[in-house]
Colleague: 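Before we start, here is the structure in question, set down as structure tokens.
Not measured: the values here are computed from a predicted model. Computed from heavy atoms alone, side chains included, the values below leave out hydrogens, waters and symmetry copies.
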Amino acid sequence: MSLDAQTLLDWFAETARDLPWRRPECTAWGVLVSEIMLQQTPVARVEPVWREWLERWPTPSALAAASQGEVLRAWGKLGYPRRALRLHAAAVDIAADHGDVVPDDVDTLLALPGIGAYTARAVAAFAYGKRCPVVDTNVRRVVARAAHGAADAGPPSTTRDLADVAALLPEEGAATYSAALMELGALVCTARTPRCADCPVFDTCAWQRNGRPAYAGPAKAVQKFAGTDRQVRGLLLDVLRGTSEPVGKARLDAVWSDAGQRDRCLHSLLVDGLVEQTADGLFALPGEH
DNA sequence: TAACCGTGGGC
DNA sequence: TGCCCAAGGTT
């Protein structure tokens, strides 16, 4: 049996990183904040920001009381700032409709902004110990290799991926088992250069047994960044993050030479609610003026 | 489904 | 250097 539960639980107990959101004293709110911040952002960059947030906003209602601009500033350069706005919106919902308590039910969590199939189950499992499959990119890769004998996971399919992992979950310690699968993918069974010599399930790995065949699935789309709207939006928002007072458009125009793209990006930031225009036509982060 | 949404570090 | 990758979600 590949991915034996006891083997992984033992390995996790010995080698897991001591991350603050994994500590027993961490609240469900702390877990939720960590999961949102960790979406597409590495642990090393999240940790210091997470500590600041939990000290400053220890409960959903505390964050809910902050302005969007404060929240965006505190988000800093974690990337994908719409996550910060959605987390703020989720905090408002939790404070208003859930008694300031992070829900423990997957369907209730799924109804909150910014919480999808992964995050809902991660919170249910890691904050409340629920036995539900938690599937992220690490888990998909680990299961593809150790259980299916492929070099990497194929295109994601939430239904199939959840069923795959559900079949592996032990009756006891399921949440820790999921954390161990993720940790294995993050530290050992990595995307580029897996450290198979250090793998606790090396002996039962189907990919090893198959002779480590190369990835056979469809090519994965690589995202460009340089020159895209994403880069320009990031530059525009960075100007507003760095000033306490609203700025004129000329100040924003300085960050990018292509006027058409610049204006399109500024407009989309306004539509997304990441930027606000003041009564006198200046631009600022939302909710601060 | 596939494209879009930031940012920075490693190789 | 340029490309790949990182605890996804939304549309």
Colleague: For a quick test of reading the model: is some side-chain N or O of A:Arg83 closer than 4.0 Å to OP1 or OP2 of C:dG9?
Modeller: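 No, no such contact exists.
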
Colleague: Does A:Thr41 contact B:dG6 through a side-chain donor or acceptor facing the base, at a distance under 3.5 Å?
Modeller: yes

Colleague: Using a heavy-atom cut-off of 4.0 Å across all strands, would you classify A:Arg141 as base, sugar-phosphate, or nothing?
Modeller: sugar-phosphate

Colleague: Rounded to the nearest angstrom, tell me the gap between atom CG in A:Leu87 and atom C1' in C:dG9.
Modeller: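 That distance rounds to 13 Å.
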
Colleague: Give A:Ala191 one of three labels, base, sugar-phosphate or nothing, depending on what nucleic acid heavy atoms sit under 4.0 Å from its own.
Modeller: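 Sugar-phosphate: the residue A:Ala191, judged by heavy atoms under 4.0 Å, touches backbone atoms but no base.
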
Colleague: From CZ of A:Arg233 over to C1' of B:dC4, roughly how many Å is that when rounded to an integer?
Modeller: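 Taking CZ of A:Arg233 and C1' of B:dC4, I get 9 Å after rounding.
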
Colleague: A quick test of your reading: do over 12 heavy atoms of other residues, nucleotides or ligands sit less than 6.0 Å from CZ of A:Arg251?
Modeller: no

Colleague: Contact class for A:Trp50 (heavy atom, under 4.0 Å): base, sugar-phosphate, or nothing?
Modeller: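 If one applies the 4.0 Å heavy-atom cut-off, A:Trp50 turns out to touch nothing in the nucleic acid.
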
Colleague: If only side-chain N and O atoms of A:Gln40 are considered, is one of them under 4.0 Å from the OP1 or OP2 phosphate oxygen of C:dG8?
Modeller: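 Answer yes for this pair, as a side-chain N or O of A:Gln40 is under 4.0 Å from OP1 or OP2.
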
Colleague: Would you say a side-chain N or O of A:Arg241 is under 4.0 Å from OP1 or OP2 of B:dG6?
Modeller: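 It does not, given that no N or O in the side chain of A:Arg241 lies less than 4.0 Å from OP1 or OP2 of B:dG6.
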
Colleague: Between C:dT10 atom P and A:Leu274 atom CG, what is the distance in whole Å?
Modeller: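 Spelled out: CG on A:Leu274 to P on C:dT10 is 15 Å.
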
Colleague: Between A:Thr119 and C:dG9, does any side-chain N or O lie under 4.0 Å from OP1 or OP2?
Modeller: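 For A:Thr119, the contact criterion (side-chain N or O under 4.0 Å from OP1 or OP2 of C:dG9) is met.
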
Colleague: Considering only heavy atoms and no angle criterion, is a donor-acceptor pair shorter than 3.5 Å present between the side chain of A:Arg45 and the base of B:dT7?
Modeller: yes

Colleague: Using the P atom as the point on both nucleotides, what is the distance between C:dG9 and B:dG8, in whole Å?
Modeller: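 Result for the P pair: 23 Å, nearest Å.
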
Colleague: Could you check whether A:Ala226 gets within reach of a base, just the sugar-phosphate, or nothing at all, counting any heavy atom under 4.0 Å?
Modeller: nothing

Colleague: Using a heavy-atom cut-off of 4.0 Å across all strands, would you classify A:Leu236 as base, sugar-phosphate, or nothing?
Modeller: nothing

Colleague: A:Thr137 near the nucleic acid: base, sugar-phosphate alone, or nothing, with a heavy-atom cut-off under 4.0 Å?
Modeller: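 Here A:Thr137 touches the backbone only, sparing every base.
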
Colleague: Measure centre to centre between the rings of A:Trp53 and A:Trp75, then say whether the value is under 6.0 Å.
Modeller: yes

Colleague: Using 4.0 Å as the upper bound for N to carboxylate O, is an ion pair formed by A:Asp238 and A:Lys77?
Modeller: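 Salt bridge: yes.
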
Colleague: Counting any heavy atom closer than 4.0 Å, what does A:Thr228 reach on the DNA or RNA strands: base, sugar-phosphate only, or nothing?
Modeller: nothing

Colleague: What nucleic acid atoms does A:Gln223 come within less than 4.0 Å of, heavy atoms only: base, sugar-phosphate, or nothing?
Modeller: base

Colleague: What contact category does A:Asp272 fall into here, base, sugar-phosphate, or nothing, at under 4.0 angstrom with non-hydrogen atoms?
Modeller: nothing

Colleague: For A:Arg140 and C:dC5, give me the distance from atom CZ to atom P, rounded to whole Å.
Modeller: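 Those two atoms, CZ and P, are 13 Å apart.
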
Colleague: Report which part of the nucleic acid A:Arg192 touches: base, sugar-phosphate, or nothing (heavy-atom distance under 4.0 Å, all strands).
Modeller: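 Counting heavy atoms under 4.0 Å across all strands, the contact made by A:Arg192 includes a base.
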
Colleague: Under 4.0 Å between a side-chain N or O of A:Lys77 and OP1 or OP2 of B:dG6?
Modeller: no

Colleague: What is the separation between atom CG on A:Leu162 and atom C1' on C:dG8, rounded to the nearest whole Å?
Modeller: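 Distance check: A:Leu162 CG to C:dG8 C1' gives 13 Å.
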
Colleague: Base, sugar-phosphate alone, or nothing: which one does A:Leu78 contact when heavy atoms must sit under 4.0 Å apart?
Modeller: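 Since a base atom lies under 4.0 Å of A:Leu78, the category is base.
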
Colleague: Are side-chain heavy atoms of A:Leu285 and A:Arg73 found at a separation under 4.5 Å?
Modeller: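 They are in side-chain contact.
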
Colleague: Using a cut-off of 4.0 Å on non-hydrogen atoms, how would the nucleic acid contact of A:Pro81 be classed: base, sugar-phosphate, or nothing?
Modeller: sugar-phosphate

Colleague: Would you measure the distance from the P atom in B:dA3 across to the matching atom in C:dC4 and give it in whole Å?
Modeller: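 About 16 Å, rounded to a whole number of Å.
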
Colleague: Looking across every strand, which nucleic acid part, if any, lies under 4.0 Å from A:Gly116 by heavy atom: base, sugar-phosphate, or nothing?
Modeller: sugar-phosphate

Colleague: Classify A:Arg22 by what it touches in the nucleic acid, base, sugar-phosphate, or nothing, heavy-atom distance under 4.0 Å.
Modeller: base

Colleague: Would you mind reporting whether A:Leu274 and A:Arg233 have side-chain heavy atoms less than 4.5 Å apart?
Modeller: yes

Colleague: Starting at the 5' end of DNA chain C, which residue's closest nucleotide do you reach first, A:Thr190 or A:Lys224?
Modeller: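 Checking each residue's closest nucleotide, the 5'-ward one belongs to A:Lys224.
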
Colleague: For the pair made of CG in A:Leu184 and C1' in C:dA6, what is the distance, rounded to whole Å?
Modeller: 17 Å

Colleague: Which value, rounded to the nearest 0.5 Å, describes the distance between A:Cys205 atom SG and A:Arg212 atom CZ?
Modeller: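 So the gap between those two atoms works out to 8.5 Å.
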
Colleague: With the side chain of A:Phe225 defined as its heavy atoms from C-beta on, choose the nearest nucleotide among B:dG6, B:dC5, C:dA7.
Modeller: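 Nearest nucleotide to the side chain: B:dG6.
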
Colleague: Within this structure, what is the CG-OG1 distance for the pair A:Asn138 and A:Thr190, rounded to the nearest 0.5 Å?
Modeller: 9.5 Å

Colleague: In whole Å, I'd like the distance from the CG atom of A:Leu109 to the P atom of C:dG9.
Modeller: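 After rounding, the gap between these two atoms is 11 Å.
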
Colleague: Check whether the side chains of A:Ser257 and A:Arg262 place a donor and an acceptor atom closer than 3.5 Å, and report yes or no.
Modeller: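 A:Ser257 vs A:Arg262: no donor-acceptor pair found between side chains.
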
Colleague: When the C1' atoms of C:dA7 and B:dA2 are considered, how many whole Å apart are they?
Modeller: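 Each nucleotide's C1' atom is 22 Å from the other's.
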
Colleague: CD of A:Glu47 versus P of B:dG8: gap in Å, rounded?
Modeller: 18 Å

